[in-house]
Amino acid sequence: MVNIHVMAEGNQRKTLEERSQMTDVERLRHSTAHVLATAIAKIWPEAQFAAGPPVENGFYYDVELNHRISPDDFEAIEKEMTIVVKENQKFERIDVSRDEALELAKSGRLGALGERDIESTFKIDLLNDIPEEEEISIYKNGDFWDLCAGPHVPRTGNCKAFKLMSVASAFYKGDANNPQLQRIYGTAFKNKTQLNEYLEQLEEAKKRDHRKVGKELGLFHFDESVGQGLVLWKPKGSIIRNELQKFISNELDKKGYSQVFTPHIGKLDLYRTSGHFPYYEESQFSPIVDRDSMQKLADEGCTCGELSNKLKEGETDGFLLKPMNCPHHIKIFSSEHRSYRDLPVRLAEFGTVYRWEKSGELGGLTRVRSFTQDDAHLFCTDDQVQDEIMGCLDLVKVVLNTLGIEDYRVRVGLRDADSNKYVGDPQNWDRAENALREAASSLEVPFTEESGEAAFYGPKIDFVVKDVIGREWQLGTVQVDYNLPERFDLNYIGPDNKPHRPVMIHRAPFGSLERFVAVLIEHFEGSFPTWLAPEQVRILPISEKFTIPAEERLNELLEVGARASMDNSAEKIGAKIRLAQLDKVPYMLIIGANEVETNTISVRHRSRGDIGSLSPEEFINNFQDEVRNRAL
RNA sequence: GCUCAUGUAGCUCAGGGGUAGAGCACUUCCUUGGUAAGGAAGAGGUCACGGGUUCAAAUCCCGUCAUGAGCUCCA
């Protein structure tokens, strides 16, 4: 099961059947892509077009062109598009033979307004990709002819509500070895009203962007001089992170996990054994070579290339910033003689790992170079795999339910039957895949099974959510691993008094705290539930006359562990409320003459507004209940 | 890493070859109030960094770094 979005963005050919299933709006968007191409061909007749499919919220067309299209060009392009729409050209389908199509492409006629003295290079290539048995068709609108299987709307006049969104680069057919094309993204709707609604939605979504909210609320900071993708958690963000850790840690204690601590680095040999080095060298920080070895190499006049080889071949030793926690945990497991009676062993750690992500991939808290996984490794027998997976999913469920996250999808990554790249006994794979499938169905959440999506070492379940701009991010994951126990020669003594190989399960219900916090910020729009809110209560004295009674209330709150503060500024109450609202503080307590006289506090909630007056004891009781229950 | 865009005060942004701008935030003073902005004054910048062109560069050019969108990648 692969969804349409993935199909459209991937570069696999759509089958005719899939094309016939195109929704009305997809058809419209695909047609608008042709209108875009027509406009570009008018302005730059030499443009070479590749593919122009509909995508989730619009369409794009890939074009090769010496002129660098920038957003400044959009106005002119849109103007030409409007003309094409106004001319209300008919989209006309013409079936042609392969030879006819090829001839047209060779005379530059495809993706163009007329014959040219250049070939339609990409169209020729695309033509060659069309299977023998498939019909070949040309679509014409006005003088613009294009190789296209369709379908299209009847006339260009149907494409009246569109907007060009952005320009980016894309490799032809998604292959980095192919030429880089300019990809122009646009969106289109049935009418202007729907288009405007969509654009407004986009604006609304941007307000929730965790990077924006995180800055406004002072949760985290990235500093140029610290480095790309390296998060500085500010005090308020650290509170959220700590609360999440306390929460999960508490759950781990209930579920029979043992929490451990391990260092952030390990010897290269460790990662040679695990296979991370040099197999995943590209995505790791370079090794740290110890001082003496470095000096010795320098004295020998060793070049960087030679050093790299020596490291790979194990002639020179060094340390690696850990890209994963598993090797360390494995060493804890293997540090003792294990009996089957000890299993499962569940080792958990909030483990910080380091990965050398390419600079262009980094962004906000969702993709960073140093992040902390709520990681654990379970060592169990084959018979225990099913139960352990269920236990892991229970934990993920508790986490997501507690935080009210419902908008996620579950992906079961299975092996590709035709491939032999997988390690481990096929029978065990079958069992593990069945166990994962069964576990996933027990979630009562839609899930997709995707073959070929397994890791080479075992099948997995991923929990995937979308961010405000519609990008998908993997959060929690549960993965079965047959590889590392083998590589590290792990064993336990079975009832038969013989050594047996344990199975490992990697799991992280949050994935990484960084990415998870990003998702939470966007989910709550910065208005965190009280138990997570960096500042839970703010006392607002009506005037400075009431500082002393207000301070008493503040101290009572601090006494019971509330994160509370007082706004004692010379502002009027309206201004103080406004500030507290902007800071998204859940509770505002107003103290003035009335409250002092009756020994009450007036409570205002950031979203429920004025709640009325309560006795201080009543408020504290309610507050503590809310925090204890992690109410949403 | 690649393509394009962006980088001006703590934040949001205007400006632009000839003395650096606004709003908010900040500091001080006045005001002491009742559920989303009371008033005044003040302070704050090597215009990301490094080169170049120029009598003169924040402005133009080149490079670097960082940010954003997309592509590729993602154990």
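Keep in mind that the numbers below use all heavy atoms, side chains included, and drop hydrogens, waters and symmetry copies. Worth saying up front: this structure is predicted, and the values here are computed from it rather than measured. We name chains A, B, ... by the order of the sequence lines, and we start the count at 1 in each one.
Between A:Glu357 and A:Arg367 there is a salt bridge, with a side-chain nitrogen of the basic residue lying less than 4.0 Å from a carboxylate oxygen of the acidic one.
Comparing the same atom, P, in B:A58 and in B:U46 gives a spacing of 12 Å after rounding to whole Å. Comparing B:G70 with B:C13, their C1' atoms sit 26 Å apart, to the nearest whole Å.
Taking every side-chain heavy atom of A:Glu544 into account, B:G33 is the closest of B:G33, B:A69, B:A75. When distances are taken from the side chain of A:Ile577 to each of B:G34, B:A75, B:A36, the shortest belongs to B:A36. Between B:G38, B:G70, B:G34, one nucleotide has an atom nearer to the side chain of A:Tyr185 than all others, and that is B:G70. Across B:U31, B:G70, B:G33, the shortest atom-to-atom separation from the side chain of A:Ala570 is found for B:U31. Closest approach to the A:Ile590 side chain among B:C73, B:U35, B:U32 is made by B:U35 (side chain taken as heavy atoms from C-beta onward). Of the listed nucleotides (B:A5, B:G33, B:A69), B:A5 has the atom at the smallest distance from the side chain of A:Ser70. Set against B:C71, B:U35, B:A75, the side chain of A:Met324 has B:A75 as its closest nucleotide.
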Under 3.5 Å, which N/O atoms of the protein pair with N/O atoms of nucleotides 6-14 of chain B?
none

For nucleotides 39-46 of chain B, print each protein N/O atom paired with a nucleotide N/O atom at under 3.5 Å, atom names and distance only.
none

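Partner A:Asp209 forms a salt bridge (Lys or Arg N to Asp or Glu O under 4.0 Å) with one of A:Lys212, A:Arg211, A:Lys207 and no other, that one being A:Arg211.
Using a 4.0 Å heavy-atom distance criterion, A:Arg471 is classed as a sugar-phosphate-only contact. In this structure, A:Arg211 reaches the sugar-phosphate backbone alone: every heavy-atom distance under 4.0 Å involves primed, P, OP1 or OP2 atoms, never a base. Residue contacts for A:Ala580: at a heavy-atom cut-off of 4.0 Å it reaches no nucleic acid atom on any strand shown. In this structure, A:Gly574 reaches the sugar-phosphate backbone alone: every heavy-atom distance under 4.0 Å involves primed, P, OP1 or OP2 atoms, never a base. Within 4.0 Å (heavy atoms only), A:Gly364 reaches sugar-phosphate atoms of the nucleic acid but no base atom. Using a 4.0 Å heavy-atom cutoff across all strands shown, A:Arg68 reaches sugar-phosphate atoms only and no base atom. Using a 4.0 Å heavy-atom criterion, one finds that A:His506 contacts no nucleic acid atom at all. Residue A:Glu64 is classed as having no contact, given no heavy-atom separation below 4.0 Å to the nucleic acid. Residue A:Ala575 is in sugar-phosphate contact alone, with no base atom involved, counting any heavy-atom pair closer than 4.0 Å across all strands shown. Counting non-hydrogen atoms under 4.0 angstrom, A:Glu282 reaches nothing in the nucleic acid. Across all strands, A:Phe546 comes closer than 4.0 Å to no nucleic acid atom at all (heavy-atom distances).
Listed for the A:Ser543 side chain is a donor-acceptor partner under 3.5 Å among the backbone atoms of A:Lys545. With A:Glu78 contributing its side chain and A:Lys163 its backbone, the two residues share no donor-acceptor pair below 3.5 Å. In this structure a side-chain-to-backbone donor-acceptor pair under 3.5 Å is present from A:Asp374 to A:Phe510.
Under 3.5 Å, the side chains of A:Arg604 and A:Gln581 contain a donor-acceptor pair of N or O atoms. A:Gln182 and A:Asp62 are not linked by any side-chain donor-acceptor pair at a separation below 3.5 angstrom, with hydrogens and angles left out of the test. Residues A:Lys322 and A:Thr262 have side chains that bring a donor and an acceptor to within less than 3.5 angstrom of each other.
By the side chain to side chain contact (heavy atoms under 4.5 Å, CB included) test, A:Asn428 pairs with A:Asp382, A:Asp425, A:Arg431, A:Tyr482, sequence neighbours left out. Partners of A:His210 by side chain to side chain donor-acceptor pair (under 3.5 Å), not counting sequence neighbours, listed by chain and number: A:Glu522. By the salt bridge (charged side-chain N to carboxylate O under 4.0 Å, His left out) test, A:Glu595 pairs with no residue at all, sequence neighbours left out.
Checked by distance alone, A:Ser169 brings a side-chain donor or acceptor within 3.5 Å of a matching partner on the base of B:G70. Between the side chain of A:Ser283 and the base of B:A75, a donor-acceptor pair under 3.5 Å is found. In this model, no side-chain donor or acceptor of A:Ser543 finds a partner on the base of B:G34 within 3.5 Å. A donor-acceptor contact under 3.5 Å is formed by the side chain of A:Glu595 with the base of B:G34. For a distance-only test at 3.5 Å, the side chain of A:Arg367 qualifies as a donor-acceptor partner of the base of B:C73. Between the side chain of A:Gln182 and the base of B:U3 there is no donor-acceptor pair of N/O atoms closer than 3.5 Å.
A close approach under 4.0 Å does not occur between any side-chain nitrogen or oxygen of A:Lys572 and OP1 or OP2 of B:U32.
Using cut-offs of 30° and 60° for the angle between ring planes, the A:Phe285 and A:Trp356 rings count as perpendicular.
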ask   = Which string of ( ) [ ] | and . matches RNA chain B, if you list each base 5' to 3' and count Watson-Crick or G-U pairs only when both distances are under 3.5 Å?
value = (((((((..((((....[..)))).(((((.......))))).....(((((..]....))))))))))))....
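Taking the ring centroids of A:His30 and A:Phe59, they lie at or beyond the 6.0 Å cut-off.
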request  = List the steps and the verdict of ring pair (Phe, Tyr, Trp, His ring centres under 6.0 Å) for A:Tyr172 and A:Phe122.
outcome  = CA-CA 9 Å; A:Tyr172 179 55; A:Phe122 299 110; 4.7 Å; yes
